Amino acid sequence: MSASEHGHGHGDQAGGHGHGEPQSRFIQHHFDDGAHQFESGKLGIWLFLGQEVLFFSALFVAYIIYRHNHPEIFQYAHKYLDVKMGAINTGVLILSSLSAAWAVRAAQLNQQRLLVWCIVVTLLCALGFLGIKYVEYSAKVHHHTLFGKRFAPTEAPDGTEIEQPDATPGKTEGGAPAPKEPLNTVGGVKAQPVPGAAGPPPGSAPVVPGDPAASKEEPASAVSGVGVLPAIEAQKTAGAAIDTHASARPPPNTGMFFTIYFAMTGLHGIHVLGGVIVFIWLLIRSMKGHFGPKYYGPIDFAALYWHLVDLIWIFLFPLLYLIA
Amino acid sequence: MLQYLLTFVVLAQPASGPGAEAEKPATSEAQPADKAAGDKPAAGAAGETKPGDDKAAAPAAATGNPCDKNAPRPTNKPKKTLPPVGPRTDVQSENYWMPVANSDMAEHVDGLFIAILAISIFCFVGITIAVVYFAWKYRSRPGHRAPESSSHNDTLEITWTIIPSIVCVIIFLLGWKGFVDLNTPPKHAYEITIVAEKWKWSYKYPNGWVDENLHVPVGEPVRLIMRSKDVLHSFWVPSFRVKQDVIPNRYTKIWFEAKYPGVYRQYCAEYCGDRHSFMKSLVVVHPPGGFKRYMEEAEAALLDMPPVELGEYLYAARGCNQCHSVDGSAKTGPSWKGIFGETHATSAGQVKVDENYIRESILDPTAKVRTGFNAVMPTFKGQLKDEQIDGLITYIKCLK
Amino acid sequence: MSNHVHESGYDDETHSDMGHVASKRVLLGTWGTLMVLTIVTVTASKIDFGAAELNLLIAMVIAVIKATLVCLFFMHLKYDKLFHSVVFVSAILLATLFVTFALMDSNQYQHDVYWQQRDFQPTTEVDKSYPALQPY
Amino acid sequence: MATAATTTHSGSPGDPPEPSYLTVKRGFRNWIVTLDHKRIGVMYLIGITTSFLLGGVFALLVRTELFLPGSQLVNEQQYNQLFTLHGAVMVFLVIIPGLPAALGNFSLPIVLGAPDVAFPRLNLFSFYLWCTGAALLLLSLIINAADTGWTFYTPYSTTTGTAVVPAVGGAFVLGFSSIFTGLNFIVTIHKFKPKGMGWFQMPLNLWGIYSTALLQVLATPVLGITLLLLLVERIGRIGIFDPALGGDPVLFQHFFWFYSHPAVYIMILPAMAVMSDLITTFSHKHIFGYRFIAYSSIGLASLSFLVWGHHMFVSGQSRLAGMVFSALTFTVAIPSAIKVFNWVATLYKADIRLQTPMLYALAFILLFTIGGLTGVFLGALNVDVHLHDSYFVVAHFHYVMMGSALIAFLGALHYWWPKMFGRMFNERVGQVCAILIFIGFNTTFLPQFVLGSRGMARRYFDYDPEFTSFHQVSTVGAFLMGITLVVSFGNLVYSLFRGKRAPRNPWGGSTMEWQAPSPPPLYNFYAHEQPVLYPIYDYSDLYWDETEGGYVRRPGAKPEAEGYEP
């Protein structure tokens, strides 16, 4: 969803050039008059905002499902986020929302200088928001609290040192290292299938007539079939502390929180970037004095889009930062 | 079918030989297998019976170092083999649409399928006749004008909204009832674990035997606990009208109760890569008693190896590796490396680690618990046979 | 349409010919409430209200209030055609429908998921058996 | 927009006052940057028909491979790539943009009497998005075609070595082309209706396009975010769908099908819309139950969001969700049934002319009935457990997609061909092709129902010997249908050069596009001949005029009275 195409989506809703008095030169030929074009554009942008809500909806679904099913990850991992930065960002976005709304008012009342200033303030706030996001992201990268396998923080959120079970990177996705599936190595002693260990040698395995796959590969009667399932259940039920000092280490798959964090804030950041490009384009046009009471469509639609971006952050902030 | 029975008769002789003790559990198949949640796992089909000619296997110790895995096999004992699976018996079916139905649920599904088929054919034929007749009767020809007709008729519209709705509700209820039966396995079902991996099914039976075909007793509910090792697969047996996806991060369960013995085809229904169409196996429904014999054969084949190898296999198969390591590092339980012959402090004073102590701690783990470890080991009484315990002891002995 | 629209706040009849003009009072008022609500929600998250859900509920209620404020006043939904609100609300309803159905289902089968894969290490690395191809 | 100046239609003596949209600005460059909805429609049409033939070639390769068990033409991996591309090309490139973008773009503004769609540049931008998406899909084909199936199920799609990223990127971009087309059409229908045409004086074609556009705008974004997450998952290993990192593959299926079920209604709703217009035009009689058909279009659009779970009955979905989705799935069956009954009632006491578009319309009614009824089998829970992912499902969705949506696309193409290019195609060849396609289609897919219920799984490269005879009948039917399709497209293209000049109203349609000259000028109507809104579906004052070679209105015909209800 590149910003330019979205920006483009806006442009032609009220495109056209020229500066006629009764009929602004920007009114395209196939519209009856300015109002017709404005209303069409307004409906178009509202449909676009509806589409954006659904575009973000899948991320909110992922958030809610993973939080509902694994609250311990969210309790643990959200402490890595800096609430102060988040609050500043919210304030910045709300301020930019105000200046965008004010820009629309200025355009409607033909106050060209105020219009330009409002757009400049909106742009500055947007760039400020992106700056703060950049700071937060670099902090995350520095602390190695990234998504998926790359979540390997050296210290817990409250600063205590996390004891690394062993240096191998593969083992760090939280929790005790998962031992290799015992299926193909018997007790870690021998790699290739134990001939006859758990059943007839390959030659005389009960070959299904006509199925070439059976004899070629490792005989299906490999090792430890029955051992796998009860072993897991035995641990869960026997109450044996799977790992004596699990509490200090982050809960398993904590990378999932940051998967959702980066997906949500990343996509929101791209939309903020799109907004910045649209506002730069609007800044240039408003400096040329294109907008006035007769023709202020682009300002209004860009402001609506911006309010939606602010709306989404209003929901993102408490969901990601304020998890008690 | 005859050839199939013959192989059973020939091989079945030794099983009923002198070794069979009386205390074999009466309904052996019905024993719940290694069920989750800690209830007593039974030893599956074979009780304490020892195949008659096992005495010959003991001499491995006599011919030198017991820890030597590739000691020459005693020549007078051929390797145990299992009877090959017979040809498929579900190629012909009297129902044109469906393969032969082999469970009550399957018959319920067939009934609903035929009911919907009847309704659909009735509707389709009705509409086709109407369309063709109207197209012919009111075809445009010189002098033909479209006669006057109303442009809407609410009562007609209401009727052909209500009637399909009622039919749909009925079909839904029937479908849902069958679906609920499909998803609620009976309590005492016989459990088999299925592991699907890229282009191969492995069926793991409670007695540790792993097979590439599904062997089930006739007339007994069987519950399948399935998981996948890599991508999505789907376990589908057309004759039981049963299908369930197999997913890498969880267990999916399904159950059925076969009515007629025979060999039925099983497919993978969820696309899983290149050899998706070759990832199939057979479901062998054994006649009454046949399944128990097959399991005994499998058990015997399973035990037919030198003790140290058997011990090594059980170390992994029975989950000992979860708590006891073999490289000296302490885990939930003490490591087995080099402990044989040493004396350690236990809850009941100093104890020398010898065969008796190992046997006792397997059968009654909380009797003498090593100091420094808590008593969390579950007992294996009734799960392990004597040769299996001997195997484990030999294996521990060889772990220098 | 008179070109010049007098300054004194918004009054209903002198709309610019196309849309509604929001008055300064409304804009600043909304902005103020939004900032106050942000501060309230941040402090609310610091106090522990017993159950965790209560915290989430309060945060969400505040967020919804802020969202409605932005929609009604900043986005002019209050003075706009009804159909625009219908489109926006139906999008939100579809999103909630999506959330509820997915959550209902995921919650039902969660007890089957073995979350901590002790024994299981599926191949998440790309299957390199295909000729000379990096996974892009 | 339409001023109600009544004009008499002067025939088309000599050269028309304004050049037609095809000839107004010649040269490839003018076509590439055109903003005219008709040219964009024609460019879409060219793109879509070529992708349709490409997808058809893949289908025939798949069918030849399945002629006998074991490997004939290709090995198993190439077979998987073939059916994946057949699926992806047909769904994303042909059938979703087919009726809405190609024929909808052309007909919507003219039916409304408007000069163009609401946002012409957004319209052209959508076409460029379609071209980028098509290029990305072809890129995937050239490098090492994706072999994941058009559904891209994880974890296979994130761990296979084939070129999945270009294919997923292509589908992602095509999603946005569909969103912007839908957005364009909704605003056009809202803001460009002529005076006197209220919501219930609109032709039913617009009701269908309107509900399709609603679906396109509100459902396709979820596909966008799903494919974006899949791309990031595959390249960045973020672990949202990866079971080893805690992700959940069933969640991907929820995301994918939340879009893909409304997508199948994006495919069928415009088909139903065009069919309503076609059936009433060729029955020369008012439609039966206008309101019910209009409401059922909107009903289908809204219900389609509730039922996506019936694709996942056996894929690890919980029992409760299965029950809820199965119950809701049956509510969706009702509006489709109402539509079919209303169409059949329209044929009652009509004056039916069995010309080519009408043959396609009747074929549509029959094939859609089979498609809909087989959906009932798949809606019932325990029958679906047996039939899911079997050839029964393959046959069901081909009946609904190919049998209904593609046949409606062909019907609509023949219906608007004279208006688009001002040429009449050869009627006899068109009729024969329509009948042969109907026969070929049924020979291809009826045996697949039996294959499926007997236990042949879907996407199988090799199958058990007892299914061979069914597959052979199906392959023969596929070739018959393939050849006839090529002949019917040839017949249309041939008419471009040798076809008879088309009158303004060759079929006697009552909607506004038949008042425009064919092919229409750049702004659809001559300056002096603004369209008049006559009561739609009222054929009493349309009569065949020999000199014109088409239907003409009686001079005294009065325009639509206020609040007229068809």
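Since the model is a prediction, treat every value here as computed from it, not as a measurement. Proteins come first, then strands; the chains are lettered A, B, ... in the order of their sequence lines, and each starts at number 1.
Taking every heavy atom of both residues into account, Asn55(C) and Ile47(C) meet most closely at OD1-O, 3.7 Å. Residues Asp310(A) and Ser97(A) come closest through the heavy atom pair OD2-OG, 3.0 Å. Here the closest heavy-atom approach between residue Phe291(A) and residue Tyr296(A) is recorded as CD2-CA, 4.3 Å. Thr122(A) approaches Ser96(A) most closely through the heavy-atom pair CG2-O, 3.7 Å.
Contact annotation for residues 32-40 of chain C against chain A (heavy-atom separation below 4.5 Å, listed by residue number): Leu34(C), Met35(C), Thr38(C).
Between His268(A) and Phe129(A), the two ring planes are perpendicular [angle over 60°; tilted spans 30° to 60°]. By the 30° and 60° cut-offs, the orientation of the rings of Phe317(A) relative to Trp313(A) is parallel.
Proximity to chain C (any heavy atom under 4.5 Å) is shown, for His307(A), by both the backbone and the side chain. In this structure, chain C has heavy atoms under 4.5 Å from both the backbone and the side chain of Leu308(A). Neither the backbone nor the side chain of Leu54(C) comes within less than 4.5 Å of any heavy atom in chain A. With a 4.5 angstrom heavy-atom cutoff, Ile64(A) touches chain C via backbone and side-chain atoms both. For Phe83(C), the part lying under 4.5 angstrom from a heavy atom of chain A is the side chain only. For a residue to count as touching a neighbouring chain, one of its non-hydrogen atoms must lie under 4.5 Å from one of that chain's; by this rule Val89(C) does not touch chain A. With a 4.5 Å cut-off on non-hydrogen atoms, Ala58(A) touches chain C through its backbone and its side chain both.
Remark: the backbone N or O of Ile65(A) is paired with a side-chain donor or acceptor of Asn69(A) at under 3.5 angstrom. A donor-acceptor pair under 3.5 Å is absent between the side-chain atoms of Tyr76(A) and the main chain of Thr254(A), judged by distance alone.
The closest side-chain heavy-atom distance from Tyr305(A) to Val309(A) is below 4.5 Å. Side-chain contact between Arg67(A) and Ile323(A): present, with at least one pair of heavy atoms (C-beta onward) separated by less than 4.5 Å.
Counting heavy-atom pairs closer than 4.5 Å to chain A, the top residue among Thr30(C), Ile62(C), Asp80(C) is Asp80(C). For the set His76(C), Met60(C), Lys81(C), the count of heavy-atom pairs under 4.5 angstrom toward chain A peaks at Met60(C). Of the residues considered (Ile94(A), Val53(A), Val83(A), Val104(A)), Ile94(A) shows the highest number of contacts with chain C, using heavy-atom pairs under 4.5 Å.
In summary, the side chains of Asn110(A) and Gln112(A) do present a donor paired with an acceptor at a separation below 3.5 Å, with no hydrogens or angles considered.
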